[in-house]
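Before any comments, here is the structure.
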Amino acid sequence: MNIDSCITSDKLFDKLWSKIPKSTKFTFAATFIMGLITHIFAFTNKFLNHDDVGHLFEASYGTPSGRWFLPFVLSLDGDFSMPWLIGVLSILCISITACLVCSILRVKKPINCILIGGILATFPTVAATFSYMFTSDAYFFGCLLAVLGAYVSIKFKWIGIPLGAIFLTLSMGIYQSYFPIAVALMIAYMLFETLDGKQTLKALIIRGLLLIATLFISMVAYFITVRITTANVGLVDYMGISSMGKLSISDLPSLIKLSYVTLIDLFLRNSTGYHNLLVRFIIIAIGICGAILFIALCLKNKKNIKHIVLAVILMIIYPLACNLIYIMVNGDATHDLMLYGSAFLPIAAIALIEYANENLQPISNIGKLVKIATSLIITLSMIAVVYNYMIVDNKIYFKMQISAEQCKSYSNRLVSAIQNCDGYSPDLPIVFIGNKEISEDLYPTPVLDQINTVGVQGFAALRTSYTYTHFLKYYLAYTDEIYEQDTDVSKEMAENPEVSSMPNYPEDGSIKIIDDMVVVKFN
């Protein structure tokens, strides 16, 4: 046997590497670099929020919330909430996701690959997810699985149905909110197939039904696995999770309206604080230019009215797919971590540019000028949008850093005051009275309250959170036994007349030893 003829690992790698398109390699590199530039502040510091403090050294949760696959994925990076490792793994998942998205949307031009990667890496939902650092890489792996499910169901016609359903089921087993992304990508794929005009309407409908079958099978499989995995622990009523699959037809019109309205709120009314006034005007310009390109593409197929009608229908329901989460949770409350699908609205505009440049050949100079102008406006506008998201993300991290420092300084003074109390002994338990009530003195920097992204907590929220005692133990090495406001000991002590007459911390006399317990009255 000729040894030289054997396939070695390096030859196998070279062979596989050569088969990866240059645009895919470029997309991965660009997304990864932009992700690191945007989020490196969070990866090289240890920021705080209520849940991350509680999961600092363990992350085995999720099954009662229908996330039965999450505990397994969390175990793959160890038990500690380590920002650098988890952050890099997260950006790795986002970068692969960007490659798959560009492939589905037929995007190959470097600038468009950069913009799609930039949107996926910087959309503020990403920063909100990183506030829950202990679980962020698992969540972005869940997002990758959702996009992979859409990818295989699109690229592989028949085998793609079961494969896609498996990936989508696993994705929902990590975090259910990425399902709309798969739906949006499938609709975008069908839109471009329709605009091509190469397939008959019947073939397009059959293709669409196969994709719907993938989504339906995955949803059924997910509900079955949830029922099995929560048989002993029960399914918690969290953010509409327990009502998924119980949608009433009579509620559907109002939920569809809610999905569209909340998108308008997000991008044009700045309900989340992601878009300042200038960016909102930029987004309007993107929408107008995108509409012009779409109309031009439809007119290109004016001889085939049925295809135009289908394309218009797909374009109308695409925003609904991006924001499908509101229908999934039956109109229940949502938060920033659930809004990643919204990022695929501007991504569609980027894909539309490339498709129009490849398929739209204006017959007049005016038409050529309009095509160039609309493409240029969308490109430059998207650059501004990505830069804006980078600013928003780093404002989020800045708030988290300042809030953590404030909480540490405050807590140091608190622990010092407790230990300096007359008669103090480490053997005496500590009783907090009113520690979960928020008072004005807990807002030293009101300007930071403008940043209200979920998980991004100010000092007041950190001090009154359910994990504040964990914070005192882990960050200040304060290991005394503490009874908080919602414990029976604290409730009984609060009724003591002597405690009622005590002033609030940090006033003199707000810390006393009563009945062999150190009482701290916050409120």
Check the pair F344, Y318 against ring-ring contact (aromatic ring centres under 6.0 Å, His included), reporting the backbone distance first and the verdict last.
CA-CA 9 Å; F344 284 76; Y318 180 80; 8.1 Å; no

Stepwise, does the ring-ring contact (aromatic ring centres under 6.0 Å, His included) test hold for Y151 with Y189?
CA-CA 10 Å; Y151 178 84; Y189 162 77; over 10 Å; no

Could you please spell out the steps behind the side-chain contact (heavy atoms from CB on, under 4.5 Å) verdict for L263 and S342?
CA-CA 7 Å; L263 266 182; S342 303; 3.8 Å; yes

May I have the step-by-step check of side-chain contact (heavy atoms from CB on, under 4.5 Å) for Y178 and L168, ending in yes or no?
CA-CA 9 Å; Y178 300 124; L168 284 169; over 6 Å; no

Dump the intermediate steps for side-chain contact (heavy atoms from CB on, under 4.5 Å) on L195 and L191, then the final yes or no.
CA-CA 6 Å; L195 290 173; L191 174 61; 4.2 Å; yes

Evaluate the side-chain contact (heavy atoms from CB on, under 4.5 Å) criterion for residues V392 and Y387: first the C-alpha distance (whole Å), next the side-chain angles of each, then the deciding distance (0.1 Å), finally the verdict.
CA-CA 9 Å; V392 173; Y387 178 64; over 6 Å; no

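No side-chain donor-acceptor contact under 3.5 Å links D336 to the backbone of A128. Side-chain atoms of N270 come within 3.5 Å of backbone atoms of Y274 as a donor-acceptor pair (strictly under, hydrogens ignored). A distance-only check finds no donor-acceptor pair linking the side chain of N388 to the backbone of A384 [under 3.5 Å]. The closest donor-acceptor contact from the side chain of D137 to the backbone of I86 lies at 3.5 Å or more, if one exists at all. No donor-acceptor pair under 3.5 Å is formed between the side chain of S403 and the backbone N or O of M400. Proximity of a side-chain donor or acceptor of Y222 to a complementary backbone N or O of G66 within less than 3.5 Å is detected. Proximity of a side-chain donor or acceptor of T129 to a complementary backbone N or O of L337 within less than 3.5 Å is not detected. For the pair H55 (side chain) and M133 (backbone), a donor-acceptor distance under 3.5 Å is absent.
No more than 12 heavy atoms of other residues, nucleotides or ligands shown are found within 6.0 angstrom of NZ on K306. Under a cut-off of 6.0 angstrom, the local environment of OH in Y260 is crowded, with over 12 non-hydrogen atoms contributed by other residues, nucleotides or ligands. Dense packing is recorded around NZ of K300, with more than 12 heavy atoms of other residues, nucleotides or ligands lying under 6.0 Å away.
Checked against side chain to side chain contact (heavy atoms under 4.5 Å, CB included), K108 has the following partners two or more places apart in sequence or in another chain: S23, E354. Applying the side chain to side chain contact (heavy atoms under 4.5 Å, CB included) criterion to K19, with sequence neighbours excluded, gives K15. Annotation: ring pair (Phe, Tyr, Trp, His ring centres under 6.0 Å) contacts of Y326 (sequence neighbours excluded): none. Residues that satisfy the ring pair (Phe, Tyr, Trp, His ring centres under 6.0 Å) test with Y139, not counting sequence neighbours, are Y175. Applying the ring pair (Phe, Tyr, Trp, His ring centres under 6.0 Å) test to Y355 and every residue at least two apart in sequence or in another chain returns F192. The salt bridge (Lys or Arg N to Asp or Glu O under 4.0 Å) check on E405 picks up nothing, with sequence neighbours excluded. In this structure, F294 has no ring pair (Phe, Tyr, Trp, His ring centres under 6.0 Å) partners at least two apart in sequence or on a different chain.
Side-chain contact between M219 and M172 is present, with heavy atoms from C-beta onward closer than 4.5 Å. In this structure, I327 and L320 have side chains that are in contact, with non-hydrogen atoms separated by less than 4.5 Å. L345 is listed as a side-chain neighbour of P319, based on a closest heavy-atom distance under 4.5 Å. A heavy-atom distance below 4.5 Å is found between the side chains of F32 and V88. The shortest side-chain heavy-atom distance between F179 and S218 falls under the 4.5 Å cut-off. At least one side-chain heavy atom of H335 sits under 4.5 Å from a side-chain heavy atom of M338. Residues L115 and V107 are not in side-chain contact: their nearest non-hydrogen atoms beyond the backbone lie 4.5 Å or more apart. Annotation: side chain of I91 is not in contact with side chain of F140 (no heavy-atom distance under 4.5 Å).
Among residues at least two apart or in separate chains, side-chain hydrogen bond (donor to acceptor under 3.5 Å, both in side chains) pairs with a member in residues 30-47 are H39-Y397, K46-D52, K46-S81. Screening residues 92-106 for side-chain hydrogen bond (donor to acceptor under 3.5 Å, both in side chains) gives R106-E193, R106-D196 as the qualifying pairs, with residues at least two apart or on separate chains. Pairs of residues two or more places apart, or lying in two chains, that qualify as salt bridge (Lys or Arg N to Asp or Glu O under 4.0 Å) and include a residue from residues 261-276 are D265-R269.
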Table please: side-chain donor-acceptor pairs of residues 153-165 below 3.5 Å, with sequence neighbours left out.
from: S153; atom 1: OG; to: G149; atom 2: O; distance (Å): 3.0
from: S153; atom 1: OG; to: A150; atom 2: O; distance (Å): 2.8

Tell me which donor-acceptor pairs under 3.5 Å the side chains of residues 448-461 have, and how far apart each pair is, sequence neighbours excluded?
from: Q457; atom 1: OE1; to: H50; atom 2: N; distance (Å): 2.7
from: Q457; atom 1: OE1; to: H50; atom 2: ND1; distance (Å): 3.2
from: Q457; atom 1: NE2; to: H50; atom 2: ND1; distance (Å): 2.9

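Considering CD of Q406 and CG of L462, their distance stands at 9.0 Å, rounded to 0.5 Å. Note that the CZ atom of F216 and the CG atom of L211 stand 15.0 Å from one another [nearest 0.5 Å]. Distance CG/L210 to CE/M186: 10.5 Å, rounded to 0.5 Å. Distance CD1/I391 to CZ/F398: 14.0 Å, rounded to 0.5 Å. Distance CD1/I288 to OG/S381: 10.5 Å, rounded to 0.5 Å. Distance check: L144 CG to L100 CG gives 6.5 Å after rounding to the nearest 0.5 Å.
The aromatic rings of F72 and F69 sit parallel to each other, their planes meeting at less than 30°, with 60° as the upper class boundary.
Across all non-hydrogen atoms, the minimal contact from F134 to L74 is O-CD2, 3.5 Å. The heavy-atom pair separating I378 from G290 by the smallest distance is CD1-N, 3.8 Å. What you find for G341 and I181 is that their closest heavy atoms are CA-CG1, 3.8 Å. Smallest separation of non-hydrogen atoms from A98 and G117: CB-CA, 4.1 Å. In this structure, A184 and C322 approach most closely via the heavy-atom pair CB-SG, 3.9 Å. Among all heavy-atom pairs drawn from G118 and T122, the shortest one is O-OG1, 2.6 Å.
Aromatic pair F47/F130: centroids not less than 6.0 angstrom apart. Aromatic rings from H275 and Y389 are positioned such that their centres are separated by under 6.0 Å.
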